[in-house]
Structures are given as C-alpha cells and as structure tokens.
Amino acid sequence: MQQDEQIWLRLAQEGDAQAFSRLVDMYAKPVHNLCYRMLGNAEDAEDAAQEAFLRAFKAIRRYDPQRKFASWLLSIAANYCIDQHRRNRLRTISLDESPEASLGDRNPGPASTLVARETSDELQALLAQLEPRDRAAIILYYWNELPYQEIAEQLSMSESALKSRLHRARRTLAVAWEKAQMQPAHMGRSKHEQAAL
Amino acid sequence: MSKPHFDPEPLPASWTALEQRLQAAPQHKPQAGFARRWLARQQVEQQRTAVRRAWGLALLNGTATLLLALVLLQGLRPLVAEPGSTLAMLVSYAATLAAWVLTAFNIIDSLLGQVPLAIWFFLGTAGMAVLLVAALLFSKVSLIQGEME
C-alpha cells in the first residue's frame with residue numbers, strides 16, 4: 001500500500017491526475033471528516049474536501065516526500081477550512097439547533113444508527129463552540145490521531161502554544177457539555193423522541 | 001533561569017466522559033464516488049484555467065497590436081501631412097544606404113582578391129575538418145541520449 005502510494009505520488013508529481021485520484025480515494029475519508037467537523041455540514045464539507053484535494057494537486061510539485069503525505073494533505077484541508085471560516089463567518093451551530101447533516105444516510109435507520117447520529121450531532125454542536133484553529137487542533141488530535149508536533153506544524157504554531165490551545169479547547173468543550181447535560185430537552189433527547197412526546 | 005511553569009486550570013470532571021465520546025466518534029464518510037467527482041471537477045478546473053490563460057494571451061496580444069498600430073500611425077503621420085517632402089527624405093535615406101552597401105562590398109572584394117591561393121586552400125580544408133568533427137560529435141551525443149532514454 002505504502003509502495004502504491006509512492007508510485008501514485010510520483011506520477012501525480014509528473015501531472016497525472018488519474019494517479020492523484022487514487023490518492024483522493026485513499027484519503028477521502030479523513031479529509032472529508034476534517035472538513036465536516038470544521039464546517040458543520042455535509043455539503044460544505046464535500047465542497048471543501050474537493051477544493052483541498054484540488055489545491056493539493058496544484059501544489060504537488062512542491063510536496064516534500066520526507067514529510068508524511070497524509071499530514072501534508074490534512075494541513076491543506078485544515079487551513080482551507082480555517083480560511084473559509086474567516087471569509088464567510090459561517091453560520092455557527094448553536095447547542096439548541098443541531099446540524100442537518102448526519103452520518104451518510106438521512107433516513108432514520110436502526111436504533112444504533114440513530115444513537116450514533118445523535119452523538120455525532122451533539123459533538124458537532126459542541127465543536128461549533130470553538131474557534132476555528134482550536135477546532136482544527138481538536139479534530140486533528142482526536143479524529144486523525146496526529147502527534148502534537150505534526151499538528152503544531154500544520155497549524156503554524158509552537159508545540160507549547162498548541163498544548164495550551166488544546167487545554168483551553170477541552171475546557172470550553174467540557175463546560176458546554178455540562179451545560180447541555182443540564183438541558184436534556186435540547187441536547188440529550190433526539191428529534192424523534194421530542195416529536196413522539 | 002528556568003522557564004515559568006505552565007499550570008493550567010484543571011479540566012471539569014465531565015471532561016473524561018466527553019473525551020471518551022470524542023475518541024469513540026466515527027469519521028464522517030463522504031458519499032460514494034468522491035474520487036470520480038474530484039476527477040471531473042479537476043478537468044473542469046483545468047479547462048477553466050486553459051480558457052483563462054488563452055484570454056490573458058489574447059488580451060496581451062491585442063494590447064501589443066494596438067500599441068504597435070498607434071506607434072505606426074504616429075510614424076506615418078508626416079507622410080499623410082506632407083507626402084512630397086517625406087517621400088523625398090525616404091528616397092534620400094534609401095540611396096545613402098545603398099551607397100554604403102556598395103562601398104562595403106567593394107572593400108571586401110578587394111581584400112579577398114589579395115589573399116593568396118594557398119591560404120584559400122588551407123581555409124577550405126580546415127572548414128571541412130571542423131564540419132566533420134562537429135558531425136561526429138553530434139552523432140555520438142545523440143547515441144548517448146538514446147541509450148539513456
């Protein structure tokens with residue numbers, strides 16, 4: 001797999017879009033997830049992820065093979081999403097209004113899917129409480145499981161600055177979570193449960 | 001001197017439970033066919049860039065042509081305003097130029113006529129040798145390049 005990646009990378013650096021599309025296929029999930037968690041809805045996430053891959057393809061000649069490709073790609077996506085926030089001041093999702101997007105299928109599925117979706121929406125609403133750079137740090141740390149050093153590099157900050165940002169973000173999340181727990185009608189209960197009442 | 005110790009405020013008790021949720025949260029998947037959509041988008045983007053580049057080139061060419069036309073018009077204005085004197089001046093320039101060229105040919109011809117036959121023979125042989133060596137070198141370089149490819 002690693003060998004395939006190296007071949008596709010080399011071909012992509014020679015301008016082969018077809019080879020790069022193999023890399024797109026390989027990294028679509030983490031990049032899309034990062035964009036979704038950053039932007040809060042599936043449509044914007046799709047658009048941002050596509051744009052991030054386009055930017056990566058345009059800049060592929062400047063990619064340093066010493067660096068991890070996934071890391072390089074995620075840094076492009078994270079910075080693009082941060083820029084999007086800055087430009088558009090995208091709608092912030094309040095704790096009272098959960099995002100419309102869900103885990104793929106929009107139809108109510110089995111109970112486990114429903115629970116997963118509720119959890120995802122809750123987390124999404126919590127993430128919306130954070131500043132874009134803090135949000136990116138949390139996402140890269142928890143979903144992409146990147147080490148501090150790589151996240152700091154990607155977000156152009158020192159490792160100690162990153163740690164203090166992460167700590168601040170965790171505090172904000174925990175406080176928001178506690179507040180949400182005290183208002184079960186808004187956060188804890190699903191829309192379907194509310195409709196049934 | 002030691003660095004000031006970073007002593008963050010402790011996290012609320014609820015953090016542990018929330019962190020577990022974060023760690024267990026699944027990745028959000030894109031809809032099927034993401035790479036195919038990317039490829040299509042990339043092609044559209046490529047075409048758009050090519051069109052943009054063509055327009056830029058056309059604009060540049062148009063501007064250059066316009067500027068050249070303006071310069072030419074400016075230069076030809078005297079011909080339109082005073083055709084007689086301008087034509088006389090042009091004819092005079094052309095005659096002077098032709099006289100210079102003829103003089104230069106005469107000088108070269110007389111110089112060459114003074115060179116002995118032996119030197120002509122030597123120069124001719126040397127020239128042919130140089131051409132032969134150049135042809136050999138060129139064929140060798142082509143052969144090496146072909147092998148490398």
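Throughout, protein chains are lettered first and strands after them, A, B, ... in sequence-line order, and every chain is numbered starting at 1.
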B:P12 versus A:E178, closest heavy-atom pair with distance: CB-OE2, 3.3 Å
Validation row: A:Y36, B:Q27 side chains within 4.5 angstrom (heavy atoms): no
Cluster check B:I108, B:W120: I/L/V/M/F/W/Y, side chain < 4.5 angstrom: yes
Rounded distance (nearest 0.5 Å) linking atom CG of B:L22 with atom CG of A:L127: 7.0 Å
A:D25 side chain near B:W38 side chain, heavy-atom distance below 4.5 Å: no
same_hphob_cluster(B:F105, B:L112) at 4.5 Å side-chain heavy-atom cutoff: no
Members of residues 141-152 of chain A whose heavy atoms come closer than 4.5 Å to chain B: A:Y142, A:W143, A:N144
Shortest non-hydrogen contact from A:N33 toward B:P26: OD1-O, 4.2 Å
Close side-chain approach of B:F34 to A:F53, heavy-atom, < 4.5 Å: yes
Under 4.5 Å from a heavy atom of chain B, the part of A:A49 involved: both
Side-chain heavy atoms of B:H28 within contact of A:K29, under 4.5 Å: no
Sub-4.5 Å side-chain heavy-atom contact between B:L18 and A:L126: yes
Residues of residues 11-24 of chain A within contact distance of chain B, non-hydrogen under 4.5 Å: A:A17, A:Q18, A:F20, A:S21, A:V24
Any A:Q181 side-chain heavy atom under 4.5 Å of B:S14 side chain: no
Heavy atoms of other groups near B:R36 CZ, more than 12 under 6.0 Å: no
Joint cluster assignment, A:Y80 & A:L140, ILVMFWY side-chain distance < 4.5 Å: no
Audit row: A:Q50, B:R37, side chain to side chain contact (heavy atoms under 4.5 Å, CB included) steps and yes/no: CA-CA 8 Å; A:Q50 292 272 353; B:R37 287 196 298 281; 3.5 Å; yes
Residue-level interface, residues 168-175 of chain A with chain B, non-hydrogen cut-off under 4.5 Å: A:R170, A:R171, A:L173, A:A174, A:V175
Pick from A:I138, A:L54, A:L34 with the largest number of heavy-atom pairs that fall under 4.5 Å of chain B: A:L54
Inter-chain contacts: residues 39-59 of chain B against chain A, heavy atoms under 4.5 Å: B:L39, B:R41, B:Q42, B:E45
